[in-house]
Amino acid sequence: MAFGRSSHKKPFVEPVTLKILVAGGFGVGKTTLVGAVSEIRPLRTEEVLSEAGRPVDDLHGVENKSTTTVAMDFGRITLREDLVLYLFGTPGQDRFWFLWDELAQGALGAVVLADTRRLEDSFAAIDYFERRGIPFTVAVNCFEGASRFPAESVRGALDLDPEVELLMCDARDRESVKNVLVAVVEHALVLADHGATPVAT
């Protein structure tokens, strides 16, 4: 009688892949967020800010910023062995908004990254996702030196609907960013269960 070594390998599981957008105003930390959490080297399309762009790129509050995303950032994170997120960071300036519709195709949900020093820059992204029925979570990037406000005060200033989650985060910290991404996925799945299917068109 032959005794072979039994194999207890887990069967291969084809992971579900989900697309998440990372949006927000100019200089809010989108590239940093994607880079902090991506398990692959992020694809970045950054260019040096030029003198020609100064009249249209408002650097108030981000005076040290020297580069800007001109197309998108791309990264990937595996939340579980059966769940992978593809992250697409959108450009922040108004002149690149024509790219948003392409990037939004097939998105499960979005993160709207906000900066309390330039909170008004978040309205355009919030309005974009509300109009298209794409679930989103607002993440306030807690920059060093920026004023801290209670979450409810920020929620009121942004006039968010009650079901939209708002979190404080550090876009440089992997675990902090993971918590934000999990919140986006959970929020989108809850809406899907209630029949509010995202309309990413």
Side-chain angles (χ1 to χ4, degrees), residues 16-34 37-38 42-45 56-58 68-77 79 83-116 118-141 151 154-169 171 177-201:
V16 173
T17 58
L18 303 174
K19 181 178 183 180
I20 302 294
L21 298 184
V22 180
F26 175 64
V28 78
K30 300 180 294 294
T31 298
T32 300
L33 184 148
V34 173
V37 80
S38 180
L43 169 65
R44 292 174 174 164
T45 57
V56 291
D57 294 331
D58 180 11
T68 185
T69 298
V70 296
M72 68 173 186
D73 300 309
F74 173 76
R76 183 187 72 199
I77 177 175
L79 290 184
L83 181 59
V84 175
L85 301 185
Y86 290 131
L87 308 177
F88 290 80
T90 64
Q93 299 100 311
D94 293 349
R95 64 182 183 276
F96 295 125
W97 269 66
F98 67 92
L99 295 169
W100 281 48
D101 288 340
E102 287 291 327
L103 293 175
Q105 290 285 341
L108 174 79
V111 177
V112 175
L113 201 57
D115 178 355
T116 56
R118 299 156 59 100
L119 207 55
E120 66 279 3
D121 290 354
S122 304
F123 287 116
I126 290 171
D127 183 64
Y128 181 90
F129 297 124
E130 285 181 341
R131 287 176 178 273
R132 286 158 181 80
I134 299 175
F136 66 94
T137 293
V138 174
V140 178
N141 192 8
V154 179
R155 172 181 290 279
L158 293 174
D159 193 26
L160 297 176
D161 290 338
E163 69 273 9
V164 176
E165 189 165 2
L166 182 142
L167 302 171
M168 302 296 172
C169 80
V177 174
K178 279 180 67 175
N179 290 338
V180 171
L181 296 175
V182 168
V184 173
V185 173
E186 290 179 343
H187 177 53
L189 293 178
V190 167
L191 292 182
D193 286 343
H194 287 80
T197 305
V199 183
T201 58

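A quick note: this is a predicted structure, and the numbers were derived from the prediction, not measured. Computed from heavy atoms alone, side chains included, the values below leave out hydrogens, waters and symmetry copies.
Taking all atoms of both residues into account, the shortest heavy-atom contact from Leu21 to Ala107 is CG-CB, 4.1 Å. Of all the heavy atoms in Leu18 and Leu83, the pair that sits closest is CD1-CD1, 3.5 Å. Nearest approach of Val22 to Lys30, heavy atoms of both residues: O-CD, 3.6 Å. Heavy-atom minimum distance, Asn141 versus Gly29: ND2-CA, 4.1 Å. Here the closest heavy-atom approach between residue Ala23 and residue Thr90 is recorded as CA-OG1, 3.3 Å. Scanning both residues, Leu108 and Pro135, for their nearest heavy atoms gives O-CD, 3.4 Å.
In terms of the salt bridge (charged side-chain N to carboxylate O under 4.0 Å, His left out) criterion, residue partners of Asp127 (sequence neighbours excluded) are, by chain and number, Arg131.
Looking only at side-chain heavy atoms (C-beta outward), Leu160 and Ile126 come within less than 4.5 Å of each other. Contact of the Glu130 side chain with the Asp161 side chain is registered, since non-hydrogen atoms from C-beta on lie closer than 4.5 Å. A heavy-atom distance below 4.5 Å is not found between the side chains of Ser122 and Val138. The closest side-chain heavy-atom distance from Trp100 to Phe88 is not below 4.5 Å. The shortest distance between side-chain heavy atoms of Val28 and Arg118 does not fall below 4.5 Å.
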* To do: Show your working on side chain to side chain contact (heavy atoms under 4.5 Å, CB included) between Leu113 and Cys169 and close with a plain yes or no.
  => CA-CA 9 Å; Leu113 201 57; Cys169 80; 4.0 Å; yes
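Between the side chain of Lys19 and the backbone N or O of Leu103 there is at least one donor-acceptor pair closer than 3.5 Å.
Atoms CD and CE, from Glu102 and Met72 in turn, are 11.0 Å apart once rounded to the nearest 0.5 Å. Distance OG1/Thr137 to CZ/Phe129: 11.0 Å, rounded to 0.5 Å. Taking CD of Glu186 as the start and CG of Leu191 as the end, the distance is 12.0 Å to the nearest 0.5 Å. Between atom CZ of residue Arg76 and atom OG1 of residue Thr17 there is a gap of 10.5 Å, rounded to the nearest 0.5 Å.
Applying the side-chain contact (heavy atoms from CB on, under 4.5 Å) test between Val177 and each of Val34, Thr32, Leu33 identifies Leu33 as the sole match. With Leu87 as the partner, the side-chain contact (heavy atoms from CB on, under 4.5 Å) test is satisfied by one option alone out of Val111, Leu181, Asp73: Leu181.
No more than 12 heavy atoms of other residues, nucleotides or ligands sit less than 6.0 Å from atom CG of Asp159.
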